[in-house]
A.B. asks: 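One structure, pasted below without further comment.
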Amino acid sequence: MLRETTPRPAGPRDRRRRRLARRWLSAGLSAGAAGVAVWALSPPAPQTRAVLVATRDLPAGAALADTDVHRVQRPVATVPDGALEPAAAAGAVLAGAVRRGEVLTDTRTTGAGLLAGQPPGTLATTVAVGDRAVLDGLRPGARVDVLARTDDPVTGLATGAERVATDVVVLAVPAATASGGLLGPAPAGATGSVLVAVDAPTAADLAAAAGRTVLALRAP
(Lines give C-alpha, C1' and ligand atoms only; values in the text may rest on other atoms or scores of the structure.)
Protein backbone atom coordinates (compact mmCIF):
# COMPACT_ATOMS: atom_id res chain seq x y z
CA MET A 1 0.00 0.00 0.00
CA LEU A 2 1.43 3.33 -1.14
CA ARG A 3 1.74 6.13 1.31
CA GLU A 4 1.09 9.74 0.30
CA THR A 5 4.01 12.05 0.69
CA THR A 6 3.71 15.76 1.29
CA PRO A 7 6.25 18.05 -0.50
CA ARG A 8 8.82 19.36 1.87
CA PRO A 9 8.55 23.15 2.34
CA ALA A 10 11.35 25.03 0.60
CA GLY A 11 13.98 26.16 2.98
CA PRO A 12 16.28 29.18 2.80
CA ARG A 13 18.94 27.19 0.95
CA ASP A 14 16.48 26.10 -1.78
CA ARG A 15 15.20 29.63 -2.26
CA ARG A 16 18.78 30.91 -2.59
CA ARG A 17 19.54 28.27 -5.25
CA ARG A 18 16.46 29.24 -7.24
CA ARG A 19 17.36 32.95 -7.11
CA LEU A 20 20.89 32.18 -8.37
CA ALA A 21 19.51 30.00 -11.15
CA ARG A 22 17.14 32.77 -12.29
CA ARG A 23 19.99 35.29 -12.26
CA TRP A 24 22.25 33.06 -14.35
CA LEU A 25 19.45 32.41 -16.83
CA SER A 26 18.68 36.12 -17.12
CA ALA A 27 22.39 36.95 -17.65
CA GLY A 28 22.68 34.26 -20.34
CA LEU A 29 19.64 35.53 -22.20
CA SER A 30 20.94 39.11 -22.06
CA ALA A 31 24.35 38.10 -23.40
CA GLY A 32 22.74 36.13 -26.21
CA ALA A 33 20.52 39.04 -27.18
CA ALA A 34 23.51 41.42 -27.19
CA GLY A 35 25.47 39.05 -29.43
CA VAL A 36 22.59 38.82 -31.90
CA ALA A 37 22.26 42.63 -31.96
CA VAL A 38 25.99 43.13 -32.63
CA TRP A 39 25.95 40.54 -35.43
CA ALA A 40 22.89 42.16 -37.01
CA LEU A 41 24.34 45.69 -36.87
CA SER A 42 27.86 44.81 -38.10
CA PRO A 43 28.04 44.98 -41.92
CA PRO A 44 29.78 42.13 -43.73
CA ALA A 45 33.39 42.71 -44.81
CA PRO A 46 33.46 44.30 -48.31
CA GLN A 47 34.73 42.29 -51.25
CA THR A 48 38.24 43.38 -52.23
CA ARG A 49 40.45 43.22 -55.31
CA ALA A 50 44.22 43.48 -55.73
CA VAL A 51 45.38 46.63 -57.55
CA LEU A 52 48.72 48.22 -58.33
CA VAL A 53 49.58 51.53 -56.68
CA ALA A 54 52.64 53.74 -57.02
CA THR A 55 55.24 53.32 -54.30
CA ARG A 56 56.49 56.91 -54.80
CA ASP A 57 55.78 60.06 -56.78
CA LEU A 58 56.55 59.31 -60.45
CA PRO A 59 57.11 61.83 -63.26
CA ALA A 60 55.52 61.77 -66.71
CA GLY A 61 57.53 59.70 -69.16
CA ALA A 62 58.85 57.29 -66.52
CA ALA A 63 58.96 53.63 -67.53
CA LEU A 64 57.45 51.57 -64.71
CA ALA A 65 59.79 49.19 -62.91
CA ASP A 66 58.96 46.52 -60.33
CA THR A 67 60.08 48.82 -57.50
CA ASP A 68 57.71 51.60 -58.64
CA VAL A 69 54.51 49.67 -57.85
CA HIS A 70 53.14 47.27 -55.29
CA ARG A 71 49.92 45.31 -54.87
CA VAL A 72 47.30 46.29 -52.30
CA GLN A 73 43.77 45.13 -51.59
CA ARG A 74 41.04 47.71 -52.20
CA PRO A 75 37.23 47.40 -51.93
CA VAL A 76 35.87 46.46 -55.33
CA ALA A 77 33.49 49.42 -55.32
CA THR A 78 36.45 51.84 -55.11
CA VAL A 79 38.60 50.28 -57.83
CA PRO A 80 38.63 52.52 -60.94
CA ASP A 81 37.92 51.16 -64.40
CA GLY A 82 40.99 50.13 -66.36
CA ALA A 83 43.10 49.29 -63.30
CA LEU A 84 46.38 47.88 -64.61
CA GLU A 85 47.26 44.23 -64.30
CA PRO A 86 50.91 43.37 -63.50
CA ALA A 87 51.55 42.14 -67.05
CA ALA A 88 50.33 45.44 -68.55
CA ALA A 89 52.23 47.58 -66.03
CA ALA A 90 55.67 46.09 -66.68
CA GLY A 91 57.61 48.63 -68.74
CA ALA A 92 54.58 50.87 -69.35
CA VAL A 93 55.38 54.56 -69.83
CA LEU A 94 53.48 57.11 -67.75
CA ALA A 95 51.44 59.66 -69.70
CA GLY A 96 51.35 61.99 -66.70
CA ALA A 97 52.73 62.42 -63.22
CA VAL A 98 51.46 59.92 -60.61
CA ARG A 99 51.30 60.45 -56.86
CA ARG A 100 52.48 57.91 -54.29
CA GLY A 101 49.60 55.56 -53.43
CA GLU A 102 47.64 56.32 -56.60
CA VAL A 103 45.99 53.35 -58.34
CA LEU A 104 47.51 52.89 -61.79
CA THR A 105 45.09 52.71 -64.73
CA ASP A 106 45.36 52.34 -68.50
CA THR A 107 44.70 56.06 -69.03
CA ARG A 108 47.74 56.88 -66.90
CA THR A 109 50.06 55.10 -69.32
CA THR A 110 50.91 55.62 -72.94
CA GLY A 111 52.39 53.21 -75.38
CA ALA A 112 52.05 50.36 -72.95
CA GLY A 113 53.12 47.34 -74.96
CA LEU A 114 53.65 49.40 -78.12
CA LEU A 115 57.30 48.41 -78.40
CA ALA A 116 56.94 45.15 -76.48
CA GLY A 117 59.14 42.46 -77.98
CA GLN A 118 61.19 44.90 -80.05
CA PRO A 119 65.00 44.93 -79.67
CA PRO A 120 66.43 47.26 -77.01
CA GLY A 121 66.93 50.78 -78.32
CA THR A 122 64.09 50.54 -80.84
CA LEU A 123 62.33 53.84 -81.54
CA ALA A 124 58.78 54.51 -82.69
CA THR A 125 58.66 57.16 -85.43
CA THR A 126 56.10 58.36 -87.96
CA VAL A 127 56.27 58.03 -91.73
CA ALA A 128 53.98 60.06 -93.96
CA VAL A 129 51.89 58.09 -96.46
CA GLY A 130 50.73 60.04 -99.50
CA ASP A 131 48.70 57.26 -101.10
CA ARG A 132 45.35 56.79 -99.36
CA ALA A 133 44.95 53.31 -100.87
CA VAL A 134 48.22 52.21 -99.25
CA LEU A 135 47.22 53.75 -95.93
CA ASP A 136 43.85 51.97 -95.92
CA GLY A 137 45.57 48.66 -96.64
CA LEU A 138 47.97 48.86 -93.70
CA ARG A 139 47.44 47.16 -90.37
CA PRO A 140 49.57 47.05 -87.20
CA GLY A 141 52.12 44.28 -87.54
CA ALA A 142 52.55 44.72 -91.29
CA ARG A 143 56.12 44.98 -92.60
CA VAL A 144 57.05 47.73 -95.01
CA ASP A 145 59.96 49.32 -96.82
CA VAL A 146 60.33 53.10 -96.85
CA LEU A 147 61.62 54.71 -100.02
CA ALA A 148 62.65 58.34 -100.40
CA ARG A 149 62.36 60.21 -103.68
CA THR A 150 65.59 61.74 -105.00
CA ASP A 151 65.54 65.04 -106.88
CA ASP A 152 67.91 66.73 -109.29
CA PRO A 153 69.60 69.50 -107.29
CA VAL A 154 69.43 71.90 -110.23
CA THR A 155 66.04 71.27 -111.80
CA GLY A 156 64.29 69.83 -108.76
CA LEU A 157 62.84 67.07 -110.92
CA ALA A 158 62.52 63.56 -109.49
CA THR A 159 65.41 61.34 -110.54
CA GLY A 160 64.62 58.14 -108.68
CA ALA A 161 64.34 56.78 -105.17
CA GLU A 162 66.54 55.33 -102.47
CA ARG A 163 65.60 52.78 -99.83
CA VAL A 164 65.72 54.43 -96.40
CA ALA A 165 64.30 51.60 -94.28
CA THR A 166 63.83 47.91 -95.01
CA ASP A 167 61.43 45.41 -93.44
CA VAL A 168 60.24 47.63 -90.58
CA VAL A 169 57.20 46.84 -88.48
CA VAL A 170 54.10 49.05 -88.51
CA LEU A 171 53.09 49.74 -84.91
CA ALA A 172 49.96 51.85 -85.38
CA VAL A 173 47.75 53.11 -88.20
CA PRO A 174 45.43 56.15 -87.96
CA ALA A 175 41.82 55.21 -87.30
CA ALA A 176 40.49 57.40 -90.13
CA THR A 177 39.67 55.58 -93.36
CA ALA A 178 38.75 56.64 -96.87
CA SER A 179 35.26 57.49 -95.64
CA GLY A 180 36.72 60.35 -93.61
CA GLY A 181 34.64 59.54 -90.51
CA LEU A 182 32.49 62.38 -89.17
CA LEU A 183 33.99 64.93 -91.55
CA GLY A 184 32.82 63.17 -94.69
CA PRO A 185 34.88 61.66 -97.51
CA ALA A 186 38.61 62.34 -97.39
CA PRO A 187 40.09 64.42 -100.22
CA ALA A 188 41.76 62.46 -103.01
CA GLY A 189 45.19 63.81 -102.14
CA ALA A 190 44.83 63.46 -98.38
CA THR A 191 47.86 62.09 -96.58
CA GLY A 192 48.29 60.31 -93.31
CA SER A 193 51.09 58.81 -91.30
CA VAL A 194 51.86 55.50 -89.68
CA LEU A 195 53.99 54.66 -86.67
CA VAL A 196 56.89 52.29 -87.38
CA ALA A 197 59.59 50.66 -85.24
CA VAL A 198 63.17 51.44 -86.31
CA ASP A 199 66.64 51.78 -84.84
CA ALA A 200 68.12 55.19 -84.05
CA PRO A 201 70.13 55.65 -87.30
CA THR A 202 67.09 54.76 -89.43
CA ALA A 203 64.93 57.17 -87.44
CA ALA A 204 67.42 59.94 -88.30
CA ASP A 205 67.33 58.97 -91.99
CA LEU A 206 63.52 59.03 -92.00
CA ALA A 207 63.50 62.47 -90.40
CA ALA A 208 65.89 63.74 -93.08
CA ALA A 209 63.67 62.29 -95.82
CA ALA A 210 60.44 63.80 -94.47
CA GLY A 211 58.18 64.94 -97.29
CA ARG A 212 59.82 62.64 -99.85
CA THR A 213 58.90 59.19 -98.52
CA VAL A 214 56.89 56.41 -100.14
CA LEU A 215 55.74 53.34 -98.25
CA ALA A 216 55.92 49.91 -99.89
CA LEU A 217 54.13 46.97 -98.28
CA ARG A 218 56.15 43.74 -98.11
CA ALA A 219 54.64 40.31 -98.68
CA PRO A 220 54.35 38.20 -95.49
A.B. asks: How close do Thr55 and Thr67 get, counting heavy atoms only, and between which atoms?
C.D. replies: OG1-O, 2.8 Å

A.B. asks: To the nearest 0.5 Å, what is the distance between CZ on Arg212 and CG on Leu206?
C.D. replies: 10.5 Å

A.B. asks: What pairs with Asp205 under side-chain hydrogen bond (donor to acceptor under 3.5 Å, both in side chains), at least two apart in sequence or on another chain?
C.D. replies: none

A.B. asks: Can you find a pair of side-chain heavy atoms, one from Pro140 and one from Val173, that are under 4.5 Å apart?
C.D. replies: yes

A.B. asks: So, do Val98 and Asp68 sit near enough that their side-chain heavy atoms are less than 4.5 Å apart?
C.D. replies: no

A.B. asks: Between Val170 and Leu195, is any pair of side-chain heavy atoms under 4.5 Å apart?
C.D. replies: no

A.B. asks: Does Val164 share a hydrophobic cluster with Leu217, counting links as ILVMFWY side-chain heavy atoms below 4.5 Å and allowing steps through other members?
C.D. replies: yes

A.B. asks: According to the salt bridge (Lys or Arg N to Asp or Glu O under 4.0 Å) rule, which pairs have a member within residues 75-93, sequence neighbours left out?
C.D. replies: Arg49-Glu85

A.B. asks: Please report the interatomic distance CG(Leu104) to CG(Leu94), rounded to the nearest 0.5 Å.
C.D. replies: 7.0 Å

A.B. asks: Looking at Asp57 and Arg100, does any basic side-chain N land under 4.0 Å from a carboxylate oxygen?
C.D. replies: no

A.B. asks: Carefully, step by step, assess Val198 and Thr122 under the rule side chain to side chain contact (heavy atoms under 4.5 Å, CB included).
C.D. replies: CA-CA 6 Å; Val198 295; Thr122 298; over 6 Å; no

A.B. asks: Between atom OG1 of Thr202 and atom CG of Leu123, what is the distance when rounded to the nearest 0.5 Å?
C.D. replies: 9.5 Å

A.B. asks: Give a yes or no answer on whether the side chain of Thr48 reaches the backbone of Val76 with a donor-acceptor pair at less than 3.5 Å.
C.D. replies: no

A.B. asks: Spell out, as yes or no, whether a donor-acceptor pair under 3.5 Å connects the side chain of Arg143 to the backbone of Asp167.
C.D. replies: yes

A.B. asks: Give the C-alpha distance, both sets of side-chain angles, the deciding distance and a yes or no for side chain to side chain contact (heavy atoms under 4.5 Å, CB included) between Val196 and Val169.
C.D. replies: CA-CA 6 Å; Val196 296; Val169 178; over 6 Å; no

A.B. asks: Check step by step if side chain to side chain contact (heavy atoms under 4.5 Å, CB included) holds for Val127 and Leu215.
C.D. replies: CA-CA 8 Å; Val127 177; Leu215 219 60; 3.7 Å; yes

A.B. asks: Can you name the nearest heavy-atom pair linking Ala83 to Val103, along with the distance?
C.D. replies: CB-CG1, 4.4 Å

A.B. asks: Begin from the C-alpha positions of Arg149 and Leu147 and carry the test side chain to side chain contact (heavy atoms under 4.5 Å, CB included) through to its verdict.
C.D. replies: CA-CA 7 Å; Arg149 186 185 70 251; Leu147 309 178; over 6 Å; no

A.B. asks: How far apart are the closest heavy atoms of Pro80 and Thr105, and which atoms are they?
C.D. replies: CG-CG2, 3.7 Å

A.B. asks: Can you check whether Asp145's main-chain N or O pairs, donor with acceptor, with Thr166's side chain at less than 3.5 Å?
C.D. replies: no

A.B. asks: So among Val168, Leu171, Leu138, Thr126, which one has a side chain to side chain contact (heavy atoms under 4.5 Å, CB included) with Val194?
C.D. replies: Leu138

A.B. asks: Within the side chain of Arg71, is there an N or O that forms a donor-acceptor pair under 3.5 Å with the backbone of Leu52?
C.D. replies: no

A.B. asks: Mind listing the closest non-hydrogen atom pair of Ala209 and Thr213 along with its distance?
C.D. replies: O-CG2, 3.4 Å

